[in-house]
Amino acid sequence: EVQLVESGGGLVQAGGSLRLSCAASGFTFDDYAIGWFRQAPGKEREGVSYIITNDGSTYYADSVKGRFTISTDNAKNTVYLQMNSLKPEDTAVYYCATRLLRLWVPSKWEYDYWGQGTQVTVSS
């Protein structure tokens, strides 16, 4: 069964950095799109970034562009989100999710499998 496990969250001061990991299992890694989402208290889940694992193409939300970098290690079935210059407004639970590439439509931000999330807290 498809499983995604996030790790790497924690408490960091504004301006600091964290690297999140999403370890995937149960599917052929390079046939999927994998996205990062976040959900802050009282807010809807929002798309942060995605990567196509077989060609490396990426997308970033405007709110994180220039600060976050998504990458993949296909051999390890792992996707990373390097988060630099963190701001208090980045505080949220961060989730990774995936959809079979042939079913994936970028503009719809629809995914089929989700991890349980990892908490990121940025203090001022």
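All values below come from the heavy atoms of this structure, side chains included, with hydrogens, waters and symmetry mates left out.
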Does the pair W36 and F68 meet the rule for a ring pair (Phe, Tyr, Trp, His ring centres under 6.0 Å), with working shown?
CA-CA 11 Å; W36 283 99; F68 291 9; 9.8 Å; no
Answer yes or no: is there a donor N or O on one side and an acceptor on the other, between the side chain of [X] and the main chain of [Y], under 3.5 Å?
{"X": "E6", "Y": "Q116", "result": "yes"}
{"X": "R67", "Y": "S85", "result": "yes"}
{"X": "S57", "Y": "D55", "result": "no"}
{"X": "T118", "Y": "S7", "result": "no"}
{"X": "T72", "Y": "T78", "result": "yes"}

Closest approach of [X] and [Y], non-hydrogen atoms and distance?
{"X": "I51", "Y": "V79", "answer": "CG2-CG1, 4.0 Å"}
{"X": "A24", "Y": "L4", "answer": "CB-CD2, 3.5 Å"}
{"X": "A33", "Y": "I52", "answer": "CB-CD1, 3.6 Å"}
{"X": "I70", "Y": "Y60", "answer": "N-OH, 2.8 Å"}
{"X": "L18", "Y": "L86", "answer": "N-CD1, 3.9 Å"}
{"X": "G47", "Y": "A61", "answer": "O-CB, 3.6 Å"}

For a side-chain contact (heavy atoms from CB on, under 4.5 Å) check, start with the C-alpha distance between Q39 and Y94, then their side-chain angles and the critical distance, and finish with the verdict.
CA-CA 7 Å; Q39 187 167 22; Y94 283 72; over 6 Å; no
Distance from Y50 atom OH to I34 atom CD1, nearest 0.5 Å?
13.5 Å
Interatomic spacing from CD in E89 to CZ in R38 - rounded to 0.5 Å:
8.0 Å
Between [X] and [Y], does any side-chain donor sit less than 3.5 Å from a side-chain acceptor?
{"X": "T53", "Y": "N74", "value": "no"}
{"X": "R19", "Y": "Y80", "value": "no"}
{"X": "W104", "Y": "Y111", "value": "yes"}

Is D90 salt-bridged to K87, going by a charged N under 4.0 Å from an acidic O?
no
Do [X] and [Y] have side chains that get closer than 4.5 Å, going by heavy atoms?
{"X": "V48", "Y": "F37", "answer": "no"}
{"X": "L20", "Y": "V120", "answer": "yes"}
{"X": "T91", "Y": "Q119", "answer": "yes"}

I would like to know whether Y59 and W109 meet ring pair (Phe, Tyr, Trp, His ring centres under 6.0 Å); could you show each step before the answer?
CA-CA 11 Å; Y59 168 86; W109 286 89; 5.5 Å; yes
Honestly, is R99 close enough over Y113, meaning NZ or CZ under 6.0 Å from the six-membered ring centre and within 45° of the axis?
no
Is atom CD of E44 surrounded by more than 12 heavy atoms (other residues, nucleotides or ligands) closer than 6.0 Å?
no
